[in-house]
Amino acid sequence: MEITRRRLLSALSAAGLMAVVPVGPVSAAAGAEGRARLVANTVAVFAGTAESNARPETAAKLAAVERTARAGLKAMDDAREGELFAGLVLGTDEANLNTAYRRLYEIALATRTPGLPADLYGSTAVQNRVLDGLARLHERYYGDQSKGYYGNWFHWEIGISQHISKTLVLLADAVSAHRPDLLPAYVASMDAYLRNGTGGDVDLDSRFHTGANLADITTNRILQGALLGERGEARIRKALTDQLTVFATIDPYHLNHQVTDGHYADGSFIQHSSVAYTGSYGKGLLTRVVQTLKILDGTGFAHGEELVPTVYGWVRNGFAPLMFEGWMMEIVKGRAVSRPDSGYTDVAVVVEAVVDLSSLAAGATATALKSYVKHVRATSRAPLDPARFVSPVSVVRYADILDDPAVPPADLNPAARSVAFNAMDRTVHRRPGYAFALARSSDRISKYEYMSGENLMPWFQGDGAHYLYLSGQDQSRAYGIDYYTTVSPYGLAGVTAPVEQRRTVPELYGKPYYDNPGHPLAFTSSSESQNKYVYFPRGTNRYSGGAVLGEYGAAGMVQSSDVAYHDRALLPDDFVVYRAATATKSWFMFDDEIVVLAADVGGAAGRAVTTTVDARTAAADDRISLTGALRDGRPWTGPGTADLHWLRYANTTEGTAVGYVFLDTPKVRVTLDQVTRSRRVVRTANPDTQVTRSVLGVTVDGAAGARPARLAYALVPNAGEAELRAHRHGPIGILANSGRLQAVTHTGLGLTAANAFTRGRHGAGDLLLHGPASVLVQRGGRRGGAVRVAVSDPTMDRDTVTVLLRGRPLRRIAGDPQVRVDRAPGGTRIEVDTHHAYGRSFTVTLRE
């Protein structure tokens, strides 16, 4: 198959990439050499080499490979009649079939791993046993496609194929000698199971063949092509061409194949059409493409070095802001937040990819990646275990980076940075000492993700839920699965929720999904209706976004019910929908404070409502203190309900503290409870492990039937009591707090920040805004007499946004070309071209 340069340039133009697959035919000898190199590279990736495995750093990894293989062999020895592995029932559970194939791969891996004992490494008997197992599975449970493809599509199209393809590569010589019929039989079957594709191949128009899923499928097909001889070259080249589409930056205004899954210009990553997913599917995609670059190295099938800058950009702008002291933030993990693996484990996966990417990069890029690896190692509170890396070669590279004195530890991002991932409705604000992460939602981005009994109580995770990570703390004690296990789903930090009792999907319908294939919306386990209304429903609001000015940020959101409530008249009578509370919220992010304004806060339909200022967890035996002051100045200690001016939560065991300044807030209810629950309450597959946490709740209650309320408060990370007392006299001032406009000033920074939510003219201090917008203005201060302005359109609908700065006329001295500056009566008029900007911030610097 000949791939034209024009076709590749078209596919990759959004990322500005060159064609990376050579055009035209190659000689038979060169093709055979390339395929052989591809197979050898793959074996080295997963099994290591004699050189890598002789290094002492790989000993723990090799021991793990050996233990796993011997356990698999023993399970084969102990199998009863009809079983391949003891206790693993096959024929009705596709997850068990996937497990059987995985175990065969793990045994095969041990036979190709240099450094293992001779009864495993190179053992023809063990290899033949694996191949006989493959033959048995194909004959009884896989080869008849009329009986297969039950349960989860992922196992049939991706998971099982991954294990089969890698096993066949590892045992390529043994296959030829012992079971030559296996390769064509399995390739034909894997093609037949690619049912969401076209003609047994990838379909780029399929919603199942996007992002990380597409990378997995195409990598499988590359390996298959390498084994098929000369007739496999077309498969390799087609798979590479398909995989290259994941490198293209998504342009939401000019979608290729209508795919919204992938990386966006602002660093966002989306999977499942609308789920913010950097920390789960995103890291899977990163791992797969880096592995693909490694297995293609020197084969002649692709010039992988041309893709390295794109992947480096993902790491620097997409992953690094979301990783704090070795912990992956919860806001980008979808349903994976309910799994026992911690954020530290997630980051270890990314670190391995970065280690390998550094070996493919050159010059300053390679140095920056290696420095970042050292930075993560130096700042993480949990030791990174390289024995959990996939590749022994990666273990050695990691050790070499740590031992290299010429590589200094350095973050890929500045210590002070505010990032608006507006394409996925997420905000991250970082400072030395803390990181603040915010999850928003809209009619573009899902409010949460639930699926397959995972993340059972997700209802409010996209309704302004925040996570405040404090430096030096073991984040697994503050967040992770035990946060969701012990904190009420109605009381997540930052959330406004109605006072009601919701039920999980399994409780509602008796199974992990809603089943109604006879309805016009055709609800089945993986239908589009299931996705839209059950698994990852979007909100119904347009306004969700914000502006960034240097290291400062603003974000806003109008809270909404999800699409299921909006479409309730279209849904079956037994389909349960829930109505959200109402709130219009802003977050203004400075150096020492995150200021939160909320207006129109109510339960809708006369319901009571709670707004959780913060929720924090700690180990059950940590020493916690609650101190504060009433609005009249008298000291206060909690828990309890009071008219508070400020509150300080201190965990003296961890050496951490958070302060809360209540700028304009009704009475606050402060609770500190010991909560014990099973991890199974958030995921049906979790072990029934009881966990106990000390849980802080800082809550403002709204009574049923009360008028919509407004709140204004500040989160002050790492605050001392003196600092909190000082807020009685500034530096924060509230300029407006309504459903139309929310705005604050910070006198110490010379900053004014505003979110306008509705049409019309909105005045705040020296700002006049026309229509919905997010704006930050910084005057003077440490930047002399300059005035800096940032503007964005959080609705993503406007062609232009206009702002008037009242006062003496200013002239433009620098800025984005989309910003026009003119004199106007009473001040300076700034007009910003926001057409197709997708929430991007535009900045300009002015001077008298």
Side-chain angles (χ1 to χ4, degrees), residues 39-79 84-86 88 98-134 137 159-175 216 219-220 223 284 287-288 290-292 294-295 341 345 348-349 351-353 355-356 359 383-400:
V39 170
N41 286 349
T42 305
V43 173
V45 165
F46 295 105
T49 65
E51 293 76 18
S52 70
N53 295 6
R55 292 274 296 269
E57 295 90 348
T58 62
K61 175 66 181 175
L62 300 191
V65 172
E66 181 180 354
R67 282 194 307 271
T68 302
R70 292 198 186 282
L73 287 168
K74 186 177 187 307
M76 293 183 80
D77 292 338
D78 295 342
L84 181 60
F85 294 97
L88 193 66
N98 182 71
T99 298
Y101 278 111
R102 175 177 56 80
R103 289 180 179 176
L104 289 177
Y105 160 73
E106 291 165 346
I107 297 169
L109 177 64
T111 72
R112 295 303 310 275
T113 301
L116 293 192
D119 64 330
L120 288 175
Y121 177 58
S123 171
T124 301
V126 175
Q127 292 180 347
N128 288 347
R129 193 173 181 186
V130 170
L131 296 180
D132 291 343
L134 284 177
L137 291 179
I160 291 172
S161 294
Q162 283 180 337
H163 303 314
I164 295 169
S165 299
K166 291 191 295 183
T167 302
L168 293 174
V169 167
L170 288 170
L171 304 185
D173 292 339
V175 170
D216 285 339
T219 300
N220 291 343
L223 298 182
T287 293
R288 193 66 62 238
V290 172
Q291 285 178 352
T292 301
K294 290 192 295 181
I295 68 176
D341 285 346
T345 305
V349 174
V351 167
E352 181 176 6
V355 165
D356 291 329
S359 72
L384 190 153
D385 181 9
R388 299 186 67 172
F389 285 2
V390 170
S391 177
V393 177
S394 304
V395 175
V396 171
R397 288 178 179 143
Y398 177 70
D400 289 343

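Atom set for the values below is all heavy atoms of this structure, side chains included, hydrogens, waters and symmetry mates excluded.
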Would you mind telling me which of Val39, Val169, Val45, Val43 makes a side chain to side chain contact (heavy atoms under 4.5 Å, CB included) with Ile295?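 The passing option is Val45.
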So if I apply the side chain to side chain contact (heavy atoms under 4.5 Å, CB included) rule between Lys61 and each of Pro386, Pro392, Ser52, which one comes out positive?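 Of Pro386, Pro392, Ser52, side chain to side chain contact (heavy atoms under 4.5 Å, CB included) with Lys61 is met by Pro392 alone.
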Which atom names give the shortest non-hydrogen contact between [X] and [Y], and what distance separates them?
X      : Y      : answer
Val355 : Ser394 : CG1-O, 3.8 Å
Leu131 : Leu171 : CD2-CD1, 3.9 Å
Leu137 : Ala100 : CD1-CB, 4.1 Å
Lys294 : Asn41  : O-ND2, 3.5 Å
Val126 : Asp119 : CG2-O, 3.6 Å
Asp356 : Arg397 : OD1-NH1, 2.9 Å

Donor-acceptor check, side chain of [X] to backbone of [Y], threshold 3.5 angstrom: yes or no?
X      : Y      : value
Arg112 : Leu170 : yes
Thr68  : Val65  : no
Asn53  : Pro114 : yes
Thr345 : Asp341 : no
Glu352 : Val390 : yes
Thr58  : Arg55  : yes

Are the side chains of [Y] and [X] in contact, using a 4.5 Å heavy-atom criterion?
X      : Y      : value
Lys166 : Phe46  : yes
Val393 : Glu51  : no
Leu73  : Leu120 : yes
Gln162 : Arg288 : yes
Leu84  : Met76  : yes

In terms of side-chain heavy atoms, does Asn220 have a donor or acceptor partner in Ser161 at a distance below 3.5 Å? no
Under 3.5 Å side-chain donor-acceptor pair for Thr111 and Ser123: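 Checked: Thr111/Ser123 side chains show no N/O donor-acceptor pair below 3.5 Å.
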From [atom1] ([X]) to [atom2] ([Y]), nearest 0.5 Å:
X      : Y      : atom1 : atom2 : result
Leu168 : Thr42  : CG    : OG1   : 12.0 Å
Tyr101 : Ile164 : OH    : CD1   : 4.5 Å
Thr124 : Asn128 : OG1   : CG    : 6.5 Å
Arg102 : Ile107 : CZ    : CD1   : 10.5 Å
Glu57  : Asp400 : CD    : CG    : 7.0 Å

Is it true that Arg70 and Asp77 make a salt bridge, defined as a side-chain N closer than 4.0 Å to a carboxylate O?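 Salt bridge flag = no for Asp77 with Arg70.
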Test side chain to side chain contact (heavy atoms under 4.5 Å, CB included) on Asp385 and Arg388; report intermediate values, then the result. CA-CA 6 Å; Asp385 181 9; Arg388 299 186 67 172; 3.7 Å; yes
Please report the C-alpha distance between Asn98 and His163 in whole Å, then the side-chain angles of each, then the deciding distance to 0.1 Å, and finally whether the side chain to side chain contact (heavy atoms under 4.5 Å, CB included) criterion is met. CA-CA 8 Å; Asn98 182 71; His163 303 314; 3.4 Å; yes
When you look at Phe389 and Leu384, which way does the side chain to side chain contact (heavy atoms under 4.5 Å, CB included) test go after all the steps? CA-CA 10 Å; Phe389 285 2; Leu384 190 153; 3.6 Å; yes
